[in-house]
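Because the structure is a prediction, the values reported are computed rather than measured.
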Amino acid sequence: MPMGYVATTTLLTWCTFFAVVAPRRPRPLATMSFWFGMVLNEVPFLGMFAVVASTALAAAQGDLGSPASKVTAAVAFATIPGMAVSAWRGLRTDQAVGHALEQGLGTGWRNHVHKPLRRHRPWARILLLPGLMRQRDVQRIPNISYGDAGRRNLLDIYRRRDTPQNGPVLIYFHGGGYTSGAKNREARPLLYRLAGQGWVCISANYRLRPQTTFPGHQIDAKKVIAWVREHAPEYGADPSKLFVAGSSAGSNLAALCALTPNDPLFQPGFESADTSVTAAICLYGYYGHFFGEEPDETPSPNQPYAYLNPGAPPFLIAHGTKDALATVEGARNFVAQLRRVSDSTVVYAELPGGQHAFDLFHSPRFEAVVDGVEAFAAWVLTAPERTPDSAR
């Protein structure tokens with residue numbers, strides 16, 4: 001029996017289980033769900049191609065003659081229905097995002113968006129090259145310093161090569177639990193998509209533990225906003241149209257930035273800088289455990305709950321139902337508390353079958369989220385006459 005074929009089949013079967021079932025408890029199984037299931041959950045088509053290609057290769061080499069090899073082939077093809085379940089969940093994301101936009105912005109939200117939105121997703125890239133990020137019309141300007149902490153205070157700029165004029169700005173913060181991560185890993189399909197549409201997108205590193213702890217991460221995030229306010233026009237951007245976004249821990253940073261404009265606690269030495277934002281986009285974030293049901297429940301100062309206020313800007317929050325690292329229940333609760341307090345729109349998209357880190361690839365799920373972000377941003381920028389109470 002060909003050992004390479006057995007190893008491939010075993011790995012695909014193992015990963016398919018964690019992609020489809022995705023147990024969230026106990027913690028060790030949840031961690032395994034993330035690490036082993038995340039890729040096939042987002043790009044199951046590649047898993048299907050791997051099953052067909054490895055079986056065809058084994059057959060061409062005459063390795064499927066024994067009963068054991070035939071059993072292995074049967075097991076390999078038995079994973080395809082599981083991958084199809086993952087694919088179906090990903091394809092359903094567009095419905096979930098569409099429903100979230102209608103619920104959050106109102107059924108007539110399209111009438112307020114005067115910018116044409118994408119009609120078709122890049123299916124060739126999704127099916128064949130989901131990890132290919134670069135676009136010919138987008139320039140990435142890497143490693144610009146915004147602070148004095150070396151490589152942890154560097155940012156990358158994504159902009160159209162013909163140099164946009166007065167483009168909106170998106171600042172993005174990576175995930176990693178404040179212990180790891182880098183600015184060129186997650187959400188790149190979003191950064192390249194918006195940059196291609198005339199935005200100026202900025203992805204920034206920030207200091208991690210043990211180099212710093214709270215509020216050091218947040219101070220760095222505010223420094224990025226202050227840098228953008230000062231330097232964005234040099235790159236064709238209009239800093240008065242400034243969106244902040246993040247994934248996982250970066251989502252926590254983005255939410256705190258949106259809820260604490262010009263807070264001197266997070267701006268030591270640059271207290272006069274304007275760090276207000278137009279809106280926030282939070283992807284699979286961890287928001288803490290505060291439920292606000294009892295008077296003596298006080299949220300930690302590193303949780304967005306501690307800063308909820310009626311003047312919060314519009315939020316778009318997206319979270320997967322199968323997230324093994326930051327629970328969907330936590331996202332639901334944060335959305336409920338934010339909607340209860342804020343006077344602005346809160347759009348919440350709950351993604352069927354979505355796992356943590358759903359923004360790594362050009363997948364059907366994340367491309368649907370990208371479309372939702374673009375629609376949300378266009379609405380925020382072109383619908384100043386909105387009435388929050390009716391749109392929430």
Side-chain angles (χ1 to χ4, degrees), residues 104-105 146-147 153 155 157 164 166-173 194 199-204 206 214-246 249-283 285 287 299 301-317 334-335 337-339 341-347 373 376-388 391-392:
L105 307 182
Y146 69 86
N153 277 178
L155 58 82
I157 295 177
N166 300 317
V169 184
L170 177 80
I171 298 174
Y172 173 80
F173 299 111
L194 292 182
W199 286 63
V200 175
C201 296
I202 293 167
S203 185
Y206 49 88
F214 181 84
H217 323 293
Q218 197 62 36
I219 291 171
D220 283 0
K222 294 284 191 171
K223 284 182 179 179
V224 176
I225 297 175
W227 185 93
V228 169
R229 290 285 183 190
E230 182 178 356
H231 296 283
E234 301 169 19
Y235 299 91
D238 179 359
S240 70
K241 298 178 286 189
L242 194 159
F243 290 65
V244 65
S251 180
N252 187 288
L253 281 180
L256 281 168
C257 284
L259 295 169
T260 60
N262 308 320
D263 188 334
L265 173 65
F266 303 121
Q267 298 179 211
F270 58 107
E271 292 86 355
S272 62
D274 180 7
T275 59
S276 61
V277 303
T278 304
I281 298 158
C282 299
L283 309 177
Y287 306 105
N302 63 352
Q303 295 180 13
Y305 287 107
Y307 309 96
L308 294 178
N309 65 87
F315 269 73
L316 184 150
I317 297 169
F334 178 64
V335 168
Q337 297 288 344
L338 182 59
R339 283 175 169 165
V341 175
S342 175
D343 290 334
S344 294
T345 293
V346 180
V347 175
V373 169
F376 168 77
W379 184 87
V380 169
L381 291 173
T382 61
E385 71 277 17
R386 62 190 180 272
T387 53
R392 285 165 66 193

Q) Does F376 have any ring pair (Phe, Tyr, Trp, His ring centres under 6.0 Å) partners at least two apart in sequence or in another chain, and if so, which? A) none
Q: Could you pull out all residues at least two apart from F173 that satisfy ring pair (Phe, Tyr, Trp, His ring centres under 6.0 Å)?
A: none
Q. Among all residues two or more places apart in sequence or in another chain, which pass the salt bridge (charged side-chain N to carboxylate O under 4.0 Å, His left out) test with D274?
A. R229
Q) Does any non-hydrogen side-chain atom of Y305 lie less than 4.5 Å from one of V341? A) no
Q.
Run the side-chain hydrogen bond (donor to acceptor under 3.5 Å, both in side chains) test against Q267 and tell me which residues pass, sequence neighbours left out.
A. T275
Q. Between L194 and C201, what is the shortest heavy-atom contact and its length?
A. CB-SG, 3.7 Å
For a quick test of your reading: what N or O donor-acceptor pairs under 3.5 Å do the side chains of residues 308-317 make, sequence neighbours left out?
unit_1 : atom_1 : unit_2 : atom_2 : d
N309   : OD1    : G311   : N      : 2.9
N309   : OD1    : A312   : N      : 3.2
N309   : ND2    : L259   : O      : 3.3
N309   : ND2    : Y307   : O      : 2.9

Q: Please report the shortest heavy-atom distance between H217 and Y206, naming the atom on each side.
A: CB-CD1, 4.3 Å
Q. What distance do I157 atom CD1 and S203 atom OG have between them, rounded to the nearest 0.5 Å?
A. 11.0 Å
Q. So which heavy atom on A306 is nearest to which on P301, and how close?
A. CB-CA, 4.3 Å
**Q.** Heavy-atom side-chain proximity of F214 to F266 below 4.5 angstrom
**A.** yes
Q: Please examine the side chains of L170 and V373, heavy atoms only from C-beta on, and report whether any two atoms are closer than 4.5 Å.
A: no
Q: Identify the two heavy atoms, one from C257 and one from V244, that lie closest to each other, and give their separation to 0.1 Å.
A: CB-CG2, 4.4 Å
Q | Side-chain touch F334/C282, heavy atoms, less than 4.5 angstrom | A | no
(Q) Let's go through W379 and T345 carefully: what are the C-alpha distance in whole Å and the side-chain angles of both, what is the deciding distance for side chain to side chain contact (heavy atoms under 4.5 Å, CB included) to 0.1 Å, and is it a yes or a no? (A) CA-CA 11 Å; W379 184 87; T345 293; 3.5 Å; yes
Q | Contact summary for L253 and A221, nearest pair of heavy atoms | A | CD2-CB, 4.4 Å
Q. Hey, does F243 have a side-chain heavy atom less than 4.5 Å from the side chain of L381?
A. yes
Q.
Is the shortest side-chain heavy-atom distance between P261 and V277 below 4.5 Å?
A. no
Q | Side-chain touch Q218/N302, heavy atoms, less than 4.5 angstrom | A | no
Q: May I ask you to decide if T260's main-chain N or O and K222's side chain share a donor-acceptor pair within less than 3.5 Å?
A: yes
Q) Between I219 and P268, what is the shortest heavy-atom contact and its length? A) CD1-CG, 3.7 Å
**Q.** salt bridge (Lys or Arg N to Asp or Glu O under 4.0 Å) pairs, two or more places apart, involving residues 261-273
**A.** none
Q: Applying side chain to side chain contact (heavy atoms under 4.5 Å, CB included), run through D220 and K223 and close with a yes or a no.
A: CA-CA 5 Å; D220 283 0; K223 284 182 179 179; 4.2 Å; yes
Q.
Show, in sequence, the C-alpha distance, side-chain angles and deciding distance for Y146 and I225, and conclude whether the side chain to side chain contact (heavy atoms under 4.5 Å, CB included) test is met.
A. CA-CA 10 Å; Y146 69 86; I225 297 175; over 6 Å; no
Q) Are I202 and Y235 close enough, and set up right, to give a side chain to side chain contact (heavy atoms under 4.5 Å, CB included), and what steps lead you there? A) CA-CA 11 Å; I202 293 167; Y235 299 91; over 6 Å; no
